[in-house]
Structures are given as C-alpha cells and as structure tokens.
Amino acid sequence: MKPIDYLNEHKLKRTSCREGIIQTIISANHPLSESEIREQLAGNYDRTTFYRSFKTLEEHQIVHRIIIDNQTVKYALAKQLSAEEHHPHFFCNCCQSVQCITTVPVQKIPLPDGYSASETSVIIKGICASCKDKI
C-alpha cells in the first residue's frame, strides 16, 4: 500500500507530512521510534506540524504504538500487522530492534465480571537471530 491509500482508507486529508511519516515507516520495514522517524524527515516540517500529523495517524490507528519500557516506544503501520489485533512484540536487548510477531496471537485473558480490557501488551525481550549469530 502507498501512503495515500492509508489516508484515503481512514478518510484523512492528504498532507505531505502525513505521507512522509507513513512512507518512512514503510521504507524501514521494521518499527521505528518517533525520533528515528523525525530524523528521516528533518528539515521538511516544523516540530508542531510533525507532532500534529503523528498524533493524527496514531489516533486513526494507522500508526501502531509498541511500548517497550518507560523510555522506549516504537511505531509500525497497523496494516503491516496481521488481522489479529493483539500480538506479541520481540525486543532485542543487543541491537534494540523490535519485531511484531504476527504469527502468534495473544490469547484473550478472561477478566472478572465488570472488567473490560482496552489494550493488551506482550513484550518478549531477548536476543534476535541476527545478534545470536554474532555471539
């Protein structure tokens, strides 16, 4: 899919900043931090435009937030994910990369009566195959 397709699908106005953010994530082919995305677009947009565009993409669930810990957050495009909404993520302690593991859905956890979940997050931390080969 092209950036314009994501925007059209969510009935969002086409802006070069929104398209740039989406294209940056598509080109990377792996989740990126907000600062990594901003660095790739440096000089093209002022800070306010970038953050407003980024927030809009996140609110419309075009951008998928992956919270690793209180200092590390990465983003991927929602359409790069499987049809399964909840899935685990793998964080490599060596290279700091993050991968969505779309082939393994997170099981729905039964909650007590009166409780309802709005979000489920599973982070598996370890060493990725590329780093393990280097050890």
Side-chain angles (χ1 to χ4, degrees):
M1 262 175 105
K2 295 179 182 177
I4 188 64
D5 298 326
Y6 287 95
L7 296 172
N8 287 340
E9 184 176 312
H10 292 273
K11 296 176 177 52
L12 285 175
K13 182 180 175 183
R14 180 181 183 181
T15 69
S16 62
C17 188
R18 291 175 185 170
E19 289 184 59
I21 292 168
I22 294 168
Q23 186 59 52
T24 299
I25 297 171
I26 290 171
S27 297
N29 208 20
H30 60 85
L32 298 171
S33 69
E34 190 175 295
S35 62
E36 290 170 323
I37 296 166
R38 194 176 57 246
E39 285 172 17
Q40 299 245 350
L41 299 172
N44 294 327
Y45 311 102
D46 64 50
R47 186 176 164 160
T48 302
T49 301
F50 175 82
Y51 283 112
R52 284 184 181 161
S53 296
F54 201 86
K55 184 178 178 182
T56 298
L57 295 175
E58 190 174 357
E59 287 172 351
H60 284 85
Q61 298 177 344
I62 294 172
V63 174
H64 167 67
R65 180 191 301 227
I66 306 162
I67 301 171
I68 307 302
D69 56 35
N70 63 353
Q71 295 181 336
T72 309
V73 179
K74 300 276 186 164
Y75 297 89
L77 294 179
K79 287 295 181 184
Q80 289 177 332
L81 306 175
S82 69
E84 180 61 43
E85 182 178 335
H86 301 291
H87 59 276
H89 299 93
F90 186 87
F91 176 76
C92 179
N93 292 319
C94 290
C95 68
Q96 310 291 300
S97 68
V98 177
Q99 295 295 319
C100 294
I101 304 175
T102 58
T103 56
V104 181
V106 173
Q107 300 299 317
K108 186 174 181 177
I109 298 171
L111 297 173
D113 288 340
Y115 290 78
S116 66
S118 62
E119 186 177 332
T120 302
S121 178
V122 176
I123 302 292
I124 303 164
K125 295 181 180 182
I127 300 173
C128 70
S130 296
C131 289
K132 194 169 191 168
D133 290 344
K134 295 174 188 174
I135 295 176

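Transitive grouping of hydrophobic side chains (ILVMFWY, heavy atoms separated by less than 4.5 Å) brings Leu32 and Tyr45 into a common cluster. Residues Phe54 and Ile4 do not share a hydrophobic cluster, defined by chaining ILVMFWY side chains whose heavy atoms lie under 4.5 Å apart. When hydrophobic clusters are built by joining Ile, Leu, Val, Met, Phe, Trp and Tyr residues whose side-chain heavy atoms come closer than 4.5 Å, directly or via intermediates, Phe91 is not grouped with Tyr75. Residues Ile67 and Val98 are members of separate hydrophobic clusters, defined by side-chain heavy-atom contacts under 4.5 angstrom among Ile, Leu, Val, Met, Phe, Trp and Tyr. Under a hydrophobic clustering in which Ile, Leu, Val, Met, Phe, Trp and Tyr are joined whenever their side-chain heavy atoms come within less than 4.5 Å, directly or via other members, Ile101 and Ile66 fall into different clusters.
Rounded to the nearest 0.5 Å, atoms CE (Met1) and CG (Asn8) are 8.5 Å apart. How far SG of Cys92 is from CD1 of Ile124: 13.0 Å, rounded to the nearest 0.5 Å. With rounding to the nearest 0.5 Å, the separation of CG in Leu57 from CD in Glu19 is 10.5 Å. Of the inter-residue distances, the one linking His89 atom NE2 with Ile68 atom CD1 reads 7.5 Å to the nearest 0.5 angstrom. One distance of note links NZ of Lys134 with SG of Cys128; it measures 7.5 Å at 0.5 Å rounding. For the atom pair CG of Asp113 and CG of Leu111, the computed distance is 10.0 Å after rounding to the nearest 0.5 Å.
The two residues Cys100 and His64 have their closest heavy-atom pair at SG-CD2, 4.3 Å.
Taking 4.5 Å as the limit, some side-chain heavy atom of Tyr51 sits within range of a side-chain heavy atom of Arg38. For the pair Tyr6 and Ile26, the minimum side-chain heavy-atom distance is below 4.5 Å. Side-chain contact check for Ile62 versus Thr56: every heavy-atom pair is 4.5 Å or farther apart.
Sparse packing is recorded around NZ of Lys132, with 12 or fewer heavy atoms of other residues, nucleotides or ligands lying under 6.0 Å away.
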Next on the checklist: Walk me through whether Val73 and Glu34 qualify under side-chain contact (heavy atoms from CB on, under 4.5 Å).
Outcome noted: CA-CA 8 Å; Val73 179; Glu34 190 175 295; over 6 Å; no
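Between the side chain of Gln96 and the backbone N or O of Asn93 there is at least one donor-acceptor pair closer than 3.5 Å. No donor-acceptor pair closer than 3.5 Å links the side chain of His60 to the backbone N or O of His10. Distance alone, capped at 3.5 Å, is enough to place a donor-acceptor pair between the Arg18 side chain and the Lys13 backbone. Checking side-chain atoms of Asp133 against main-chain N and O of Ser130 turns up no donor-acceptor pair under 3.5 Å.
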